Amino acid sequence: MSGARLSSAIRLIASVTAISAVMMFFAACRPDKTLIPDIPVPDDTSVTESSASEPSGKEKTGPELITLNVALPYQESTVRFLASMYYAKKNKLWDSSYNGMNFDLTSLDAVNPDFIINSTLIADEGMTSTALSSMEDSGIKPDLYLAADINDAIGSGFAMPVNEFMGNDSAYDNDRIYANCAMQCIKDGNSYGIPHTMSAELIVGNSDYIPSEGRPPIIYSCDDLSEYLAKIKTEYTGVIPLMSASDLFPYIGSALNHGMRTSYMLNEEYKSTPSSANYIFGDEKEYIASLYESGLSADRDSNGASPVYSRQCALWVSSSASLKTWEAYYPSKIYTILLPSYNADNQSPANVHVYPLCLRTGSANGKLACDFASFISFDTDAQLLIQRLENRSGFFPVTRSSAVWDEINNDATFGQTSYILRQILDNAEFVPADDCDPVFRATKNYFKDFGAKDDYSLEELYGN
């Protein structure tokens, strides 16, 4: 097979692939003859800002090819493989005896879809409306993009409804995906995105400071957490057991409300029944204040620095979306546990944030964009390919596929946590995860220096 690739600052046009190589792949995909060689190790791990792939043949005949522009947190090579897999499956060229983990990448690369795909690499957490606006100002206008927050995408006008393009998509069946994740993309009767991935709020730990009695049980209460922190304080002098216990405020309402699901920072409860919300909040204040007062938590170390960055704390609250950062800063030292529950018998609902794939307002390629988005979000082989080629530590699929979740559960850092998370996602509480959400931003600022004020109240946080 021969070919040449031309690159520029924002595009990489994949060039001519010999017709014979394509025909070899087609033959390999026929059920009666499978000729797929051993899997080569991918050798292109460079970060490419933007790329394009077009079918083989220097001269095009027939209608002009559709160009699909996407902004995804994946390398251009991964996006190219996904596009080829999508085309192969749509045209019945896929050999089902193979899966996304073990098919031959070279053979797949020989297949060129009947559309051109331009890929722009973005952050794992997707794009805010501000970031998308800056991208458009630079001349890049994706048809499809991973949004950091669905409400921000809708409110900014950058996301358009996808109802007419999805039809009766069977991928939304509750037996195939967590349908409650898809519900997060529906506003005023319109669906504005396809749920692609999610993160969860966790407690992250440094394994250097696990007490001799071991980690807490999988399901544990707030009292259990206090006892665990006390053991750390006893065994490791000068170490802060839990950094910034006030970070628990938005997430532990359920643990102090008999296990009943509660919204982020009691926002919905405060709107509907302020007295009930204030009661739960009072218990939260009492518990979190006790951690500070007993020396089990602090916002800074003895030098005034962040204890997590000075490596002087044992635990801290974090979104799983930040796990790659922590794993890089604490190589082979990170472990995770879920947030505390009401008691050791009943796991509290998970606090989850969904990152949707949105169709940019004004896109002329809605049908193809939404179909491709559904494929890479819900198809088992597409998800396995992403797990194979990308470091997705801390991000979880919306599909229920056992094959995909089994791969995630093999992760040494959060495999046990993800195993439990999978079981409780049907009862998840969906929370904001970015400053573009006003409640998230107000909450973070309000508890920034816990203890600097004499008292804290929901009335002051939310205003009268």
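Bear in mind that the values here come from a model prediction, so they are computed numbers and not experimental data.
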key: Worked check of side-chain hydrogen bond (donor to acceptor under 3.5 Å, both in side chains) between Ser393 and Glu327   = CA-CA 9 Å; Ser393 182; Glu327 286 175 329; 3.0 Å; yes

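- Residues Tyr270 and Phe281 have side chains not in contact (no heavy-atom distance under 4.5 Å, counting atoms from C-beta outward).
- In this structure, Ser348 contributes its side chain and Gly259 its backbone to no donor-acceptor pair below 3.5 Å.
- Interatomic distance, NZ of Lys333 versus CZ of Arg311, reported as 10.5 Å (0.5 Å rounding).
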key: Stepwise ring pair (Phe, Tyr, Trp, His ring centres under 6.0 Å) test for Phe396 and Tyr178   = CA-CA 11 Å; Phe396 307 96; Tyr178 291 96; over 10 Å; no

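- Distance NZ/Lys367 to CE/Met166: 7.5 Å, rounded to 0.5 Å.
- Heavy-atom minimum distance, Asn267 versus Ser263: N-OG, 3.1 Å.
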inquiry  = Run Asn69 and Arg360 through side-chain contact (heavy atoms from CB on, under 4.5 Å) and show every step you take.
reply    = CA-CA 10 Å; Asn69 300 314; Arg360 183 184 58 82; over 6 Å; no

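- Atoms CD1 and CG, from Ile140 and Asp137 in turn, are 11.0 Å apart once rounded to the nearest 0.5 Å.
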query = Ser191 and Asn163: side-chain hydrogen bond (donor to acceptor under 3.5 Å, both in side chains), yes or no, with the steps?
reply = CA-CA 6 Å; Ser191 179; Asn163 307 55; 5.2 Å; no

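- Judged by distance alone, with hydrogens and angles left aside, the side-chain atoms of Asp434 form a donor-acceptor pair with the main-chain N or O of Cys436 at under 3.5 Å.
- Side-chain N or O atoms of Asp152 include none that pairs as donor or acceptor with a backbone N or O of Thr128 at under 3.5 Å.
- Checking side-chain atoms of Ser244 against main-chain N and O of Ser246 turns up no donor-acceptor pair under 3.5 Å.
- Between Phe249 and Phe447, the ring planes are parallel. Angles under 30° get that label, and only those over 60° would be called perpendicular.
- Between the side chain of Ser156 and the backbone N or O of Ala153, at least one donor-acceptor pair lies under 3.5 Å.
- Side-chain contact of Thr262 with Glu269: a donor-acceptor pair under 3.5 Å is absent, judged by distance alone.
- Heavy atoms only, all atoms of each residue included: Pro356 and Val354 are closest at CD-O, 3.5 Å.
- Of all heavy-atom pairs spanning Thr336 and Thr413, the tightest one is OG1-O, 3.5 Å.
- Taking CD1 of Ile252 as the reference point, atom CD1 of Ile280 lies at 11.0 Å (rounded to 0.5 Å).
- Nearest heavy-atom pair, Ala321 versus Glu125, reported as atom, atom and distance to 0.1 Å: O-OE2, 3.8 Å.
- Taken to the nearest 0.5 Å, the CD atom of Glu284 stands 12.5 Å off from the OH atom of Tyr279.
- For the residue pair Asp371 / Tyr86, a side-chain donor-acceptor distance below 3.5 Å is found, with atom types taken as modelled.
- No side-chain heavy atom of Val70 sits under 4.5 Å from any side-chain heavy atom of Leu357.
- Between Arg388 and Asn102, every side-chain heavy-atom pair lies at or beyond the 4.5 Å cut-off.
- Residues Ser310 and Arg300 bring no donor and acceptor atom of their side chains to less than 3.5 Å of each other.
- Residue Ser294 comes nearest to Lys233 through the heavy atom pair O-NZ, 2.9 Å, listed as atom of the first residue, atom of the second, then distance.
- In this structure, the side chains of Tyr236 and Asp208 stay at 4.5 Å or more apart for every pair of heavy atoms.
- Taking the centre and axis of the six-membered ring of Tyr228, the NZ or CZ atom of Arg215 falls outside the cone set by 45° and 6.0 Å.
- No more than 12 heavy atoms of other residues, nucleotides or ligands sit less than 6.0 Å from atom NZ of Lys448.
- With hydrogens and angles left out, the side-chain atoms of Ser221 and Asn343 include no donor and acceptor closer than 3.5 Å.
- Side-chain atoms of Tyr287 and Ser226 form a donor-acceptor pair, as typed in the model, at a separation below 3.5 Å.
- Checked by atom type and distance alone, the side chain of Asn365 never pairs as donor or acceptor with a backbone atom of Ala369 at under 3.5 Å.
- Aromatic rings from Phe414 and Tyr335 are positioned such that their centres are separated by 6.0 Å or more.
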Run the side-chain donor-acceptor check on residues 425-432: report pairs under 3.5 Å with partners two or more places apart or on a different chain.
{"unit_1": "Asp426", "atom_1": "OD1", "unit_2": "Arg400", "atom_2": "NH2", "d": "2.6"}
{"unit_1": "Asp426", "atom_1": "OD2", "unit_2": "Arg400", "atom_2": "NH1", "d": "3.2"}
{"unit_1": "Asn427", "atom_1": "OD1", "unit_2": "Arg261", "atom_2": "NH1", "d": "3.1"}

query = Are Leu384 and Val404 close enough, and set up right, to give a side-chain contact (heavy atoms from CB on, under 4.5 Å), and what steps lead you there?
reply = CA-CA 6 Å; Leu384 287 174; Val404 178; 4.2 Å; yes

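- In this structure, the side chains of Asp455 and Lys285 come closer than 4.5 Å at one or more pairs of heavy atoms.
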message = side-chain hydrogen bond (donor to acceptor under 3.5 Å, both in side chains), that's the test. Do Glu390 and Thr78 meet it? Break it down for me.
response = CA-CA 8 Å; Glu390 301 285 337; Thr78 301; 2.6 Å; yes

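- A 6.0 Å sphere centred on NZ of Lys141 holds no more than 12 heavy atoms belonging to other residues, nucleotides or ligands.
- Ser341 and Gln347 share a donor-acceptor pair across their side chains, judged by distance under 3.5 Å alone.
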query = ring pair (Phe, Tyr, Trp, His ring centres under 6.0 Å) between Tyr355 and His196: does it pass, once the steps are laid out?
reply = CA-CA 6 Å; Tyr355 304 89; His196 182 63; 9.5 Å; no

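- Of the possible polar contacts, one joining the Ser320 side chain to the Ala200 backbone as a donor-acceptor pair under 3.5 Å is found.
- Side-chain atoms of Pro274 and Glu459, non-hydrogen and from C-beta on, never get closer than 4.5 Å to each other.
- No more than 12 heavy atoms of other residues, nucleotides or ligands sit less than 6.0 Å from atom CD of Glu286.
- Side chains of Arg422 and Asp406 form a contact here, defined as non-hydrogen atoms less than 4.5 Å apart.
- Within the structure, ring-ring contact (aromatic ring centres under 6.0 Å, His included) pairs that include any residue of residues 290-312 comprise Tyr292-Phe450, Tyr309-Trp326, Tyr309-Tyr329 (at least two apart or interchain).
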key: Evaluation steps, side-chain contact (heavy atoms from CB on, under 4.5 Å), between His353 and Glu201   = CA-CA 8 Å; His353 181 75; Glu201 290 300 319; over 6 Å; no

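- Ser457 places a side-chain N or O within donor-acceptor distance of the main-chain N or O of Glu460, the cut-off being under 3.5 Å.
- Taking all atoms of both residues into account, the shortest heavy-atom contact from Ala403 to Thr380 is CB-CG2, 4.1 Å.
- Note: Ile203 CD1 to Met243 CE = 12.0 Å, rounded to the nearest 0.5 Å.
- Contact check on Glu227 versus Lys231 returns no salt bridge, with no Lys/Arg side-chain nitrogen under 4.0 Å from an Asp/Glu carboxylate oxygen.
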task = Tell me, with the steps shown, if Asp149 and Ser129 meet side-chain contact (heavy atoms from CB on, under 4.5 Å).
result = CA-CA 9 Å; Asp149 183 272; Ser129 58; over 6 Å; no

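- Taking 4.5 Å as the limit, some side-chain heavy atom of Trp405 sits within range of a side-chain heavy atom of Pro397.
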